[in-house]
Colleague: 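Pasting in a structure now, in C-alpha cells, and then I'll have a few things to ask.
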Amino acid sequence: MAEETERADATEAVEAAYRLRDDAADTQSDPAIQEEWIRQSNLIYGGLGAAGLVAVQPFLTTSPLDLTATICVVAFAVAIPLLAALLVLNRQEAFRRQVTRSRLVSVAKTLAEGASFVGLTAAFWHISLIAGLTFLVTTFFAVGVHSAGYTKLEYDGSFRARFARRKT
C-alpha cells in the first residue's frame with residue numbers, strides 16, 4: 001500500500017513538472033512576455049553601461065593602476081561595447097516584437113553581465129575591501145530576492161491568465 005502511494009506521488013510530481021515545463025515553453029513564445037523581457041533588458045544593459053562609464057572614469061587619468069583598478073577597467077572594456085550592442089539589438093527585437101534565440105547573443109549577454117559584475121565588484125574593492133565584499137555578498141542576495149519574486153509572480157498559477165493569447 002505504501003509503495004503504491006509513493007508511486008502515485010512520484011507520478012503526480014513528474015506530471016506536474018511536465019506541466020510546468022510546457023507552461024514555461026508556452027509563455028516564452030508569448031509576444032507580451034517577450035516585449036517585457038526586452039524592456040527589462042534595456043533597463044539592465046543601460047544601467048550597467050552607465051555604471052561602467054562612471055566606474056571607469058576616475059581611472060582614465062590615473063597611472064599606474066593597482067590590481068583592483070586594472071580588473072575594473074579591463075572588465076568594463078569587455079562589458080561596455082557588448083552592452084551597447086545588446087541595447088541596439090533590443091531596439092531591433094522591439095521593432096520585430098520578438099526575442100532572438102541566437103547562441104552568440106546569449107554568450108554576449110552572459111559575458112556583458114558577468115564582466116559588469118566583476119568590474120563593479122573590483123571598483124568597490126578598490127575603494128575599500130569591506131565595500132567590495134559587501135557588494136559581492138549583497139549582489140548574490142539580490143539575485144536570490146529577484147529569483148524568488150520572479151518565480152512567485154510568474155508561476156503562481158494565475159500567470160497565464162494575465163496574458164490572454166492573441167489570435168493570429
Side-chain angles (χ1 to χ4, degrees), residues 20-61 68-127 131-168:
L20 184 58
R21 183 196 65 190
D22 293 342
D23 284 350
D26 287 347
T27 57
Q28 287 178 356
S29 63
D30 189 323
I33 293 170
Q34 289 186 3
E35 287 177 32
E36 180 58 23
W37 285 347
I38 292 166
R39 280 192 295 271
Q40 289 179 14
S41 294
N42 281 334
L43 179 65
I44 292 166
Y45 303 146
L48 289 175
L53 292 172
V54 169
V56 169
Q57 190 175 14
F59 303 126
L60 294 176
T61 57
T68 56
T70 301
I71 291 170
C72 175
V73 170
V74 170
F76 280 116
V78 171
I80 290 171
L82 290 173
L83 293 166
L86 290 167
L87 278 169
V88 173
L89 174 62
N90 275 0
R91 293 298 305 146
Q92 186 64 25
E93 288 176 331
F95 175 71
R96 293 290 175 202
R97 295 188 176 145
Q98 66 180 7
V99 178
T100 183
R101 304 216 188 282
S102 167
R103 286 184 192 228
L104 183 60
V105 171
S106 295
V107 169
K109 288 178 181 182
T110 303
L111 193 56
E113 291 173 14
S116 295
F117 171 70
V118 168
L120 286 171
T121 303
F124 279 108
W125 204 296
H126 178 76
I127 297 166
L133 290 173
T134 301
F135 179 79
L136 187 67
V137 169
T138 306
T139 299
F140 284 111
F141 179 71
V143 169
V145 168
H146 177 266
S147 296
Y150 179 86
T151 302
K152 183 67 176 170
L153 285 170
E154 302 302 335
Y155 299 106
D156 67 353
S158 64
F159 170 68
R160 294 185 66 201
R162 289 183 274 158
F163 296 99
R165 289 259 180 231
R166 296 180 181 159
K167 302 294 181 198
T168 55

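Every heavy atom of this structure was used, including side-chain atoms; hydrogens, water molecules and symmetry mates were not.
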Colleague: Can you pull the side chain to side chain donor-acceptor pair (under 3.5 Å) pairs that have at least one residue in residues 107-126, sequence neighbours excluded?
Modeller: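 Of all non-adjacent pairs touching residues 107-126, those that pass side chain to side chain donor-acceptor pair (under 3.5 Å) are Asp66-His126, Thr68-His126.
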Colleague: Could you pull out all residues at least two apart from Thr138 that satisfy side-chain contact (heavy atoms from CB on, under 4.5 Å)?
Modeller: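 In terms of side-chain contact (heavy atoms from CB on, under 4.5 Å), with neighbours along the sequence ignored, Thr138 is linked to Thr134.
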Colleague: With sequence neighbours excluded, tell me which residues meet side-chain contact (heavy atoms from CB on, under 4.5 Å) with Tyr150.
Modeller: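 Checked Tyr150 against side-chain contact (heavy atoms from CB on, under 4.5 Å); matches are Trp37, His146, Glu154, Tyr155.
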Colleague: In the structure I gave you, are the side-chain heavy atoms of Leu86 and Ile44 within less than 4.5 Å of one another anywhere?
Modeller: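 Leu86 vs Ile44: side chains apart.
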Colleague: Heavy-atom count around Phe124 CZ within 6.0 Å, excluding the residue itself: above 12?
Modeller: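 No - once you tally the heavy atoms of other residues, nucleotides and ligands closer than 6.0 Å, there are 12 at most.
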Colleague: Kindly compute the distance separating CD1 (Ile38) from CG (Leu43), expressed to the nearest 0.5 Å.
Modeller: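 The distance works out to 14.0 Å.
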Colleague: What are the two closest non-hydrogen atoms of Ala122 and Ile71, and how far apart are they?
Modeller: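 That closest heavy-atom pairing would be CB-CG2, 3.7 Å.
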Colleague: Holding to side-chain hydrogen bond (donor to acceptor under 3.5 Å, both in side chains), I want the full list of residues that pass it with Gln40, two or more places apart in sequence or in another chain.
Modeller: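 With sequence neighbours excluded, Gln40 shows a side-chain hydrogen bond (donor to acceptor under 3.5 Å, both in side chains) to Glu36, given in chain and number order.
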Colleague: Roughly how far, to the nearest 0.5 Å, is the OG atom of Ser106 from the CG atom of Leu111?
Modeller: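 Between atom CG of Leu111 and atom OG of Ser106 there are 12.0 Å.
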Colleague: For Ser147, check side-chain contact (heavy atoms from CB on, under 4.5 Å) against everything at least two apart and list the hits.
Modeller: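 With sequence neighbours excluded, Ser147 shows a side-chain contact (heavy atoms from CB on, under 4.5 Å) to Val143, given in chain and number order.
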Colleague: Testing Leu120, Val54, Leu53 for side-chain contact (heavy atoms from CB on, under 4.5 Å) with Phe76, which one passes?
Modeller: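 Going through the options one by one, the only one that passes is Leu120.
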Colleague: Might you point out which heavy atoms bring Cys72 and Val56 nearest each other, and give the distance in Å?
Modeller: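 For Cys72 versus Val56, the nearest heavy atoms are O-CG2, 4.5 Å.
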Colleague: For residues 72-94, pull every pair meeting side chain to side chain donor-acceptor pair (under 3.5 Å), keeping only residues two or more places apart or in separate chains.
Modeller: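 The answer is Asn42-Asn90.
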Colleague: Looking at every non-hydrogen atom in both residues, tell me the closest pair between Gly49 and Leu83 and how far apart they are.
Modeller: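 Distance-wise, the nearest heavy atoms are N-CD1, 3.5 Å.
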Colleague: If I compare all heavy atoms of Gln34 with all of Arg97, which pair ends up nearest, and what's the gap?
Modeller: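 That closest heavy-atom pairing would be OE1-O, 3.9 Å.
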Colleague: Is there any ring pair (Phe, Tyr, Trp, His ring centres under 6.0 Å) pair reaching into residues 97-121, and which pairs are they, with sequence neighbours excluded?
Modeller: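 Listed once each, the pairs are Phe117-Phe140.
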Colleague: Thr70: which residues meet the side-chain contact (heavy atoms from CB on, under 4.5 Å) condition with it, sequence neighbours left out?
Modeller: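 Testing Thr70 for side-chain contact (heavy atoms from CB on, under 4.5 Å), a comparison that skips the adjacent residues, returns Leu65, Val74.
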